[in-house]
K.L.:
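I have a structure I would like to understand better, so I am pasting it below and will then ask my questions one at a time.
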Amino acid sequence: MPLTLYNSRTKKKELFLPLTPNQVKMYVCGVTVYDDCHLGHARSALVFDTIRRYLEYSGYQVTYVRNFTDVDDKILQRAHKEGIPWTQVTEKYIEAFYRDMGRLGIIPPTIEPRATHHIQDIVDMIAGLVEKHVAYEVEGDVYFEVRKFSQYGQLSGRNLEELLAGARVEVDHRKKDPMDFALWKSAKPDEPGWESPWGKGRPGWHIECSAMSIKHLGPTFDIHGGGKDLIFPHHENEVAQSCAYTGKEFARYWIHNGFVTIDQEKMSKSLGNFFTIREIFEKSPYSEIVTGECLRYYLLSTHYRSDLNFSEQSLPEAKAALDTIYGLLQRMEEPRPFYLASPIFLQEQLEEQLEEQSGEQYLASLIDSLVQKFEQAMDDDFNTPKVLAAFHEFRGEINKLLAKGLSDQTKGKAREIFRKFGEPLGLLQNSPDVWFGKFKEKKPFEKISLGFDESAKIVPLDNSELIEKQVRLRNEARAQKDFSTADTIRNELAEQGIILEDRPDGTTRWKR
RNA sequence: GGCGCCGUACCCAAGUGGCUAAGGGAGCAGUCUGCAAAACUGCGAUUCAGCGGUUCGAACCCGCUCGGCGCCUCCA
């Protein structure tokens with residue numbers, strides 16, 4: 001089935017045909033490492049992680065490059081404010097970034113270049129642009145001359161006249177045109193800098209992505225991605241300087257993800273309405289593993305190009321939805337109830353077997369249908385919400401089959417399917433026991449709150465043995481029809497967020 | 001001011017010209033259960049912000065109106 005994706009350059013869905021068959025070269029703008037990353041950054045990383053996973057699922061060999069901007073004004077400001085070397089700022093936040101990505105199950109890209117490791121490539125590229133007379137130096141700064149690139153504005157759908165008319169930038173009279181942008185910035189005496197033909201300085205923001213993508217993927221590559229706020233000026237400028245430099249097409253498909261909003265407004269540092277990933281995990285009532293997967297589910301429950309609004313319900317809703325699937329996985333792991341195997345039920349057992357025959361055939365058709373829906377939805381511009389719907393439909397059908405009785409082999413097959421198709425989404429890879437908190441849990445009933453609520457403290461505990469003991473006591477009471485004691489225990493456990501489920505055979509399973 | 005996006009049930013969210021408008025959450029009712037939980041079944045938009053138009057046919061196309069948001073400055 002052919003993959004189609006929305007190309008923001010042409011504003012249309014297009015058939016995806018990579019430059020080299022079976023290979024995809026993809027570059028995504030990463031983060032500037034001057035602070036903890038927030039949900040918006042995470043969304044971008046997650047969207048492209050999912051795209052990468054699906055491309056690999058589809059059989060492509062993917063080279064995925066995602067950069068770190070590790071030198072820039074904000075980093076220097078931060079270092080100055082904290083009175084530490086700027087390199088310490090970048091190291092700290094690169095580490096934090098890895099921690100957050102890991103919690104979200106985001107697979108590291110193939111290559112993670114840093115601007116500071118590519119200064120020579122950047123200088124070479126700028127020198128080439130100066131040589132071609134599309135860039136010029138003024139007092140140690142080098143600017144790209146937008147008038148020299150006739151296609152300028154093509155990606156973002158603007159033209160220079162419009163831009164000038166609405167320009168809010170204060171005009172720097174040293175520039176030939178107000179829209180000219182910096183390739184190289186001269187360093188002030190106290191600022192870090194590298195030697196260059198124009199004196200000591202550092203790269204402008206846009207040039208690093210061009211230099212590093214060309215270096216690692218070649219002049220023309222398949223996919224370039226990032227948040228939709230990067231379309232202008234960042235990506236527009238990348239196109240201009242790259243094409244001017246190589247004389248070749250730059251990225252062939254442009255993919256831009258939508259924002260995460262709070263109260264319908266873009267989450268951003270300047271508005272102050274953001275949640276860092278760290279904060280979300282610290283305040284989550286769920287374990288780290290569960291929180292990570294819930295967050296992932298939540299972010300995938302909206303199409304990547306749409307904005308999505310984060311609220312206090314987002315995580316609990318994702319948890320409830322995932323619970324239904326993990327609950328099924330758990331039931332499919334359990335041995336078939338003994339009452340189905342006892343002699344009294346021999347007649348029923350025979351019937352069960354007959355049911356199983358048709359049940360297993362039916363399962364095969366359900367799997368076919370799921371695979372088809374999965375691929376169709378993902379091939380249609382990565383429609384993850386549709387995929388999740390298909391999972392839930394599949395779940396419902398399997399639940400019905402399970403009630404009729406399924407062989408261990410068939411149950412195993414169904415479980416495998418959930419795992420296999422959850423993988424490209426980064427979902428359903430945990431064991432039900434971990435999911436339902438039998439190993440580690442934080443303090444229950446602390447709802448994730450919007451804002452800086454210090455009351456939500458992490459209380460790590462591993463009280464499985466205690467719970468098991470309570471469950472045993474309760475079942476002894478139940479056996480003696482001492483239901484008041486049984487109910488007392490149930491209520492006590494419920495207060496700790498433990499839910500008991502009695503099986504028909506008298507045993508009890510518990511979960512959080 | 002320029003360019004652009006969005007408005008689908010109580011909430012989240014697919015669907016963008018033609019079978020009964022997916023799916024999740026919450027809710028109500030039922031089956032099951034000592035009670036519960038889970039699972040299953042049923043109920044819930046004659047309707048897709050509003051109005052007008054195109055069409056045999058529109059939530060989907062066009063126009064206008066109302067409401068929300070984004071980019072044009074650093075931004076995932």
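A, B, ... follow the sequence lines: proteins, then strands. Residue 1 opens every chain.
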K.L.:
Nucleotides 12-15 of chain B: which of its N/O atoms have a protein N/O under 3.5 Å away?
P.N.:
from   : atom 1 : to      : atom 2 : distance (Å)
A14(B) : OP1    : H303(A) : N      : 2.7
A14(B) : O3'    : N383(A) : ND2    : 3.1
G15(B) : OP1    : N383(A) : ND2    : 3.0

K.L.:
Step through it carefully: locate the ring centre of F97(A), locate the ring centre of F68(A), and say whether they are under 6.0 Å apart.
P.N.:
yes

K.L.:
For T507(A), does its backbone N or O pair with a side-chain atom of N475(A) as donor and acceptor, under 3.5 Å?
P.N.:
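Not at all, since once roles are kept as given, no pair shorter than 3.5 Å links the two residues.
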
K.L.:
How many whole angstroms separate atom CD1 of I325(A) from atom P of G25(B)?
P.N.:
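Answer to the nearest Å: 10 Å.
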
K.L.:
Return the 5'-most residue of the pair L388(A), H234(A) with respect to RNA chain B, ranking by each residue's nearest nucleotide.
P.N.:
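Going by which nucleotide is closer to the 5' end, it is L388(A).
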
K.L.:
Taking all atoms of both residues into account, what is the closest heavy-atom pair of G227(A) and H256(A), and its distance?
P.N.:
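Distance-wise, the nearest heavy atoms are O-CD2, 3.5 Å.
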
K.L.:
Distance-only, no hydrogens or angles: does the T261(A) side chain make a donor-acceptor pair with backbone N or O of D263(A) under 3.5 Å?
P.N.:
no

K.L.:
Can you name the one residue among R99(A), R78(A), K269(A), K92(A) that meets salt bridge (Lys or Arg N to Asp or Glu O under 4.0 Å) with D36(A)?
P.N.:
R99(A)

K.L.:
Base, sugar-phosphate or nothing for G327(A)? Non-hydrogen atoms, less than 4.0 Å.
P.N.:
nothing

K.L.:
Stepwise, does the salt bridge (charged side-chain N to carboxylate O under 4.0 Å, His left out) test hold for K228(A) with D307(A)?
P.N.:
CA-CA 10 Å; K228(A) 69 178 181 185; D307(A) 291 347; 3.0 Å; yes

K.L.:
To the nearest 0.5 Å, what is the distance between CE on M267(A) and NE2 on H38(A)?
P.N.:
6.0 Å

K.L.:
Give one of base, sugar-phosphate or nothing for V260(A), where a contact means two heavy atoms less than 4.0 Å apart.
P.N.:
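Base contact.
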
K.L.:
Any chance you could list the contact pattern along nucleotides 32-37 of chain B? Use B for base contacts, S for sugar-phosphate-only contacts and - for none, protein heavy atoms under 4.0 Å, 5' to 3'.
P.N.:
--BBBB

K.L.:
Atom pairs, N/O to N/O, protein against nucleotides 40-45 of chain B, distance under 3.5 Å?
P.N.:
from   : atom 1 : to      : atom 2 : distance (Å)
C40(B) : OP1    : N399(A) : ND2    : 3.4
U41(B) : OP1    : K400(A) : NZ     : 2.8

K.L.:
Does G23(B) have its OP1 or OP2 closer than 4.0 Å to a side-chain nitrogen or oxygen of H392(A)?
P.N.:
no

K.L.:
What do you reckon, are the aromatic ring centroids of F275(A) and F310(A) less than 6.0 Å apart?
P.N.:
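F275(A) vs F310(A): aromatic centres under 6.0 Å.
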
K.L.:
Calculate the interatomic distance between L299(A) atom CG and A76(B) atom C1'; express it in whole Å.
P.N.:
12 Å

K.L.:
I'd like to know whether D502(A) forms a salt bridge (charged side-chain N to carboxylate O under 4.0 Å, His left out) with R490(A), so could you lay out the CA-CA distance, the side-chain angles of the two residues, the decisive distance to 0.1 Å, and finally the verdict.
P.N.:
CA-CA 11 Å; D502(A) 294 330; R490(A) 178 196 285 289; 3.4 Å; yes

K.L.:
Taking Watson-Crick and G-U wobble pairs with both distances under 3.5 Å, convert RNA chain B into its dot-bracket string, 5' to 3', dots for unpaired and | for cross-strand pairs.
P.N.:
((((((((.[[[..)..(....]]].(((((.......))))).....[[[[[..)....]]]]])))))))....

K.L.:
What's the spacing between Q429(A) CD and R296(A) CZ if we round to 0.5 Å?
P.N.:
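Output value for this atom pair is 9.5 Å.
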
K.L.:
Which of the following nucleotides, G70(B), G23(B), G24(B), is nearest to the side chain of A321(A)?
P.N.:
G24(B)

K.L.:
Could you list all N or O pairs between the protein and nucleotides 26-29 of chain B that sit under 3.5 Å apart?
P.N.:
none

K.L.:
Quickly, which of K13(A), K386(A), K12(A), R305(A) forms a salt bridge (Lys or Arg N to Asp or Glu O under 4.0 Å) with D381(A)? Name it, please.
P.N.:
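For D381(A), the salt bridge (Lys or Arg N to Asp or Glu O under 4.0 Å) test succeeds with only one of K13(A), K386(A), K12(A), R305(A), which is R305(A).
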
K.L.:
N/O contacts under 3.5 Å, protein versus nucleotides 5-8 of chain B?
P.N.:
none

K.L.:
Under 4.0 Å, heavy atoms only, any strand: does R158(A) hit a base, just the sugar-phosphate, or nothing?
P.N.:
base

K.L.:
It should be established whether K319(A) places a side-chain nitrogen or oxygen under 4.0 Å from OP1 or OP2 of nucleotide G24(B).
P.N.:
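The answer is no; no side-chain N or O of K319(A) sits under 4.0 Å from OP1 or OP2.
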
K.L.:
Can you measure Y6(A) atom OH to G4(B) atom P for me and round it to whole angstrom units?
P.N.:
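Spelled out: OH on Y6(A) to P on G4(B) is 11 Å.
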
K.L.:
In sequence, state the C-alpha distance, the side-chain angles, and the governing distance for K404(A) and E360(A), and then conclude on salt bridge (charged side-chain N to carboxylate O under 4.0 Å, His left out).
P.N.:
CA-CA 11 Å; K404(A) 288 188 195 166; E360(A) 271 146 47; over 6 Å; no

K.L.:
Measure the distance from CG on N237(A) to C1' on C72(B) and round it to the nearest whole Å.
P.N.:
12 Å

K.L.:
Cation over ring, K319(A) on Y286(A), under 6.0 Å and within 45°?
P.N.:
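Yes, a cation-pi geometry.
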
K.L.:
Regarding S314(A), tell me which of base, sugar-phosphate or nothing describes its non-hydrogen contacts under 4.0 Å with the strands shown.
P.N.:
nothing

K.L.:
Assign F259(A) to base, sugar-phosphate, or nothing according to its heavy-atom contacts below 4.0 angstrom with the strands shown.
P.N.:
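Base contact - F259(A) has a heavy atom under 4.0 Å of at least one base atom.
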
K.L.:
Looking only at side-chain atoms of Y297(A), point me to the closest of G24(B), C72(B), A39(B).
P.N.:
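When the side chain of Y297(A) is considered, G24(B) is the closest of G24(B), C72(B), A39(B).
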
K.L.:
When the C1' atoms of C48(B) and C35(B) are considered, how many whole Å apart are they?
P.N.:
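The same atom, C1', in both gives a distance of 43 Å.
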
K.L.:
Nearest whole angstrom, please: distance from the C1' of C74(B) to the CD of Q77(A).
P.N.:
10 Å

K.L.:
Distance check needed: U73(B) C1' versus K74(A) NZ, whole Å only.
P.N.:
11 Å

K.L.:
Can you tell which of A76(B), A22(B), A39(B) lies closest to the side chain of R331(A)?
P.N.:
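Output: A39(B).
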
K.L.:
Answer yes if the ring centres of F418(A) and F394(A) are under 6.0 angstrom apart, and no otherwise.
P.N.:
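Centroid distance F418(A)-F394(A): below 6.0 Å, so yes.
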
K.L.:
Under 4.0 Å, counting only non-hydrogen atoms across every strand here, what does G258(A) touch: a base, just sugar-phosphate, or nothing?
P.N.:
base

K.L.:
For H38(A) and A76(B), give me the distance from atom NE2 to atom P, rounded to whole Å.
P.N.:
7 Å

K.L.:
In Å and rounded to the nearest 0.5 Å, what is the CG to CG distance from N7(A) to L5(A)?
P.N.:
7.0 Å

K.L.:
Would you kindly give the CD1-to-P distance between I277(A) and A76(B), to the nearest whole Å?
P.N.:
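After rounding, the gap between these two atoms is 13 Å.
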
K.L.:
Which whole number of Å gives the distance between the P atom of A59(B) and that of U8(B)?
P.N.:
15 Å

K.L.:
H235(A) and ring-ring contact (aromatic ring centres under 6.0 Å, His included): which partner among W254(A), F250(A), Y27(A)?
P.N.:
W254(A)

K.L.:
Would the H206(A) and F181(A) ring centres measure less than 6.0 Å apart?
P.N.:
yes

K.L.:
Strictly under 6.0 Å, is that where the ring centroids of Y297(A) and F391(A) end up?
P.N.:
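Ring centres of F391(A) and Y297(A) not closer than 6.0 Å.
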
